[in-house]
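Okay, structure first, notes after.
Every chain is numbered from 1, with letters handed out A, B, ... down the list of sequences.
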There are 2 protein chains.
Amino acid sequence: MITSFAPHAGAGTGDDVLNTSTAPGVRMSGSGGVRRIMPSIEVVAKEAGVSTATAGRALGGYGSVSAKSREAVLAAAERLGYRANSLARSMITGLTHTLGVLVPDIENPFFSRALRGIADTAHAKGWEVLLVNTDEDLTLERKALGVLAERRVDGMVVAPTDAADRDTLKAVIDAGIPVVLLDRRVPGLDADTVGIDNRAAARDATERLLKLGHRSIALLTGGDEHLRAKLARPGLRGVERIAGTTVGARTAGYRDALLEAGVEPRPELVSAEGFRREDAAEATTRLLALPEPPTAILALDSLLALGVLQALRRLGLRCPADVSLVSFDDADWAEAISPPLSVVAQPIYELGAEAGRLLLDRVQGSERRVTHRRLPTRFIERESARSLL
Amino acid sequence: MITSFAPHAGAGTGDDVLNTSTAPGVRMSGSGGVRRIMPSIEVVAKEAGVSTATAGRALGGYGSVSAKSREAVLAAAERLGYRANSLARSMITGLTHTLGVLVPDIENPFFSRALRGIADTAHAKGWEVLLVNTDEDLTLERKALGVLAERRVDGMVVAPTDAADRDTLKAVIDAGIPVVLLDRRVPGLDADTVGIDNRAAARDATERLLKLGHRSIALLTGGDEHLRAKLARPGLRGVERIAGTTVGARTAGYRDALLEAGVEPRPELVSAEGFRREDAAEATTRLLALPEPPTAILALDSLLALGVLQALRRLGLRCPADVSLVSFDDADWAEAISPPLSVVAQPIYELGAEAGRLLLDRVQGSERRVTHRRLPTRFIERESARSLL
DNA sequence: TTGTACGCGTTATCAC
DNA sequence: GTGATAACGCGTACAA
């Protein structure tokens, strides 16, 4: 059983550890409380009457140690509350057993669920997770990659912003730190990726709305001005250039479906006004005020869908009677609300778990070729999309 | 600008770095791709033609360096893609600039939002976050605390399970690692805590339902058998013993309100059948099948509320016409659904941010007395609770 | 201003 | 089976 822990002494304060007149490793703090200083392996060895090498072998379970020595060491360690210093270990082994995880927003249910997948996988194999938020900010993302590199993480799972910094990511990979891209791909980057077939999924969802008789279908992308600029061309033709990104691919799929059904894409029905709920609410209000308002809305994530529902309430409109709604991601509330929301469900946890597996595979030395995993999506039909026929 | 990163060489492979005939720090990997080895400060110093000490001063911005030397070092570092090794630095300085965060379930919106608060605060002051999930499992929690200690985190924010392992936590604190308890308190533990006044908040919510004329009010605690055993006594008298925990305090507040209104608490209306959504759905179904079913339900978190709504739908019951519902936590969907959910809103982000602040305060050496922060809650009245009068 | 040398706590490599 | 001892990469006295 663990009986006590103690932090490393600050630089230059550890000398008296061995000279304490009471129990070794115990000193008084300034305010009078008892404070144990983290005993090093050297202290444990001394206490057990063996060398540090033997103590290390007994504690680490490698090499060969006599039963007698091992017992003495283990007892001493327990008595002193010894905890190995993983920093020192990492310096020598070259492994931190830490995976860096970089996401735009941990509060987004997509990423918190994916994180569970990553963390569970990592944890099962003895790795821990260092988490970094970027807030969709490119500068922060760049900095965060630097921090993770300095921490010598063994690998990274990265969900880059849509305007991802390819150069920095490339530098990380060239440096030999394995990277797996989650959800979002970065064109021209030589890294494993895990995600879904965004174009096909969006196309499928759009087709379903078309089959229900909808002809005015709005798309809530959650993108920003950056994206908006690229979408401004007639017939949404600009989208081909960004089909490598998640939002781009979904927009392309939406366009594919419309064109195949003989419906001309209307740029004013494609919104890119931010990824927050309130942004979506405002976008919805604007869309429904159009001279030719949409009869259905496709939202690219559950937070945006929430914004739509909020706007509908404010406007006194009902779903699906007045407006149909379909969303990406099967949020935990999607089935519980009235009406239950029809969604494109992604296997989010599995996405994260697979990213973790691919990464650990490389961390553990596999030199296999880069792979791109596309996990299947599932359309869950509930009651938020109604037929116009 | 960062041009390249590289991992530390494995033990015993770094010797040839200085002898490479092409650019220093560059080697070929087995499969032929270019792989940069993380150059140490020694390599940078050599490249710049100065000593490691001077290089260190130039890179770290301490001591005094001539402009000329600094320039040479910075240029060399840039050329070689130097990244400091924070492991080595931590060993010297005694600071990892890492905060350990231990939560039961990162997917739970409460904890993912609180984590944002912690992480933002930490990040703003130059700390990173090492995240550990415990799944409400006591054994995992114990292990996780050990891992964080071995990683030499500078401090921890811990949201312990309700049956928290006081001894292990105490060992951590005695070891001199600052700990801040989030959301859940551990009786008899000498640590800062951040949370709300659970008893008062639950009492207030219950009183509101009573004022609306409800007399049969069910409480969905999310607890398990462990808790159930303690709640089994007539009149809920067992609750006093566990009023130190979050669920216990809320249950006590619920009881307080009932007693004051002259309503005898009925143990069969207090459910402790698990914290997952499905658990809540089943509990709801059971409650509503009672001979004297509740007319209102108070759920202790938003996930449980979701389970209630799901059950109501399955049973063909409407909220609030058939059953009123009030929940803790203002989930992002609470306002968007029909009917909008009345809730006890906690300042979750602030809770996390405050925990981060208290922790960093101690990490940076403050010896102030232990404090217990109770942040105010806010009852948000919407439309899910109806009057029976 | 600069350089040398030591120490942080481990693991790994030798001899014995 | 055991014990010195050399790394790992950095900060920092101390001397020059």
Between A:Tyr82 and C:dT10, is there a side-chain N or O to OP1/OP2 distance below 4.0 Å? yes

For A:Thr371, check side chain to side chain donor-acceptor pair (under 3.5 Å) against everything at least two apart and list the hits. none

Could you tell me whether a side-chain N or O of B:Asp135 sits under 3.5 Å from a main-chain N or O of B:Asp137, the two making a donor and an acceptor? no

Hey, does B:Ser64 reach any base, or is it just sugar-phosphate, or nothing, if we go heavy atoms under 4.0 Å? base

Taken in chain and number order and not counting sequence neighbours, the residues that satisfy side chain to side chain donor-acceptor pair (under 3.5 Å) with A:Arg368 are A:Asp192, A:Asp361

Would you mind reading off the distance between B:Lys68 atom NZ and C:dT2 atom P, rounded to a whole angstrom? 9 Å

Separation of atom CG in B:Leu87 from atom C1' in D:dG11, rounded to whole Å: 15 Å

Between D:dT2 and A:Ser69, is there an OP1 or OP2 to side-chain N/O distance shorter than 4.0 Å? yes

For B:Ala45, side-chain contact (heavy atoms from CB on, under 4.5 Å) partners two or more places apart: B:Val50, B:Thr52, B:Ala55

Expressed in angstrom and rounded to an integer, what is the separation of B:Ile41 atom CD1 from C:dT4 atom P? 14 Å

Are OP1 or OP2 of C:dT10 and a side-chain N or O of A:Ser86 less than 4.0 angstrom apart? no

Taken in chain and number order and not counting sequence neighbours, the residues that satisfy side chain to side chain donor-acceptor pair (under 3.5 Å) with A:Ser40 are none

Among D:dC10, C:dT2, C:dT4, the nucleotide that comes nearest once only the side chain of B:Thr52 is considered: C:dT4

For A:Val132, all residues meeting side-chain contact (heavy atoms from CB on, under 4.5 Å), sequence neighbours excluded: A:Ala144, A:Leu148, B:Glu128

Round to the nearest Å and state the distance from A:Arg152 atom CZ to D:dG9 atom C1'. 9 Å

B:Met91 atom CE is separated from C:dG7 atom P, nearest whole Å, by 13 Å

Given that B:Gly56 and A:Ser66 both sit by DNA chain D, which one's nearest nucleotide is further toward the 5' end? A:Ser66

Ignoring hydrogens and angles, tell me if any N or O in the side chain of B:Ser86 forms a donor-acceptor pair with the backbone of A:Glu150 under 3.5 Å. yes

Separation of atom NE2 in B:His97 from atom C1' in D:dC10, rounded to whole Å: 14 Å

Calculate the interatomic distance between B:Lys46 atom NZ and D:dC10 atom P; express it in whole Å. 14 Å

With sequence neighbours left out, write down each residue that passes ring-ring contact (aromatic ring centres under 6.0 Å, His included) with A:His123, or none if nothing qualifies. none

Report yes if a side-chain nitrogen or oxygen of B:Tyr62 is closer than 4.0 Å to either non-bridging phosphate oxygen (OP1 or OP2) of D:dT12; otherwise report no. no

Has A:Asp154 got a side-chain atom pairing as donor or acceptor with A:His97's backbone, closer than 3.5 angstrom? yes

Can you tell me if the side-chain N/O atoms of B:Ser51 get under 4.0 Å from OP1 or OP2 in C:dT2? no

Does A:Thr54 make a side-chain N or O approach to OP1 or OP2 of D:dG3 shorter than 4.0 Å? yes

Distance in angstrom units between A:Glu42 CD and C:dT10 P, rounded: 10 Å

With sequence neighbours excluded, give me every salt bridge (charged side-chain N to carboxylate O under 4.0 Å, His left out) pair touching residues 56-73 of chain A. none

Sort me out a list of protein N/O and nucleotides 13-16 of chain D N/O pairs below 3.5 Å, or just none if empty.
none

Bending between helix ends of the helix from C:dT1-D:dA16 to C:dC16-D:dG1 [5 pairs per end, 10° resolution]: 40°

Just compare D:dG1, D:dG9, C:dG9 and give me whichever is closest to any side-chain atom of B:Ser40. D:dG9

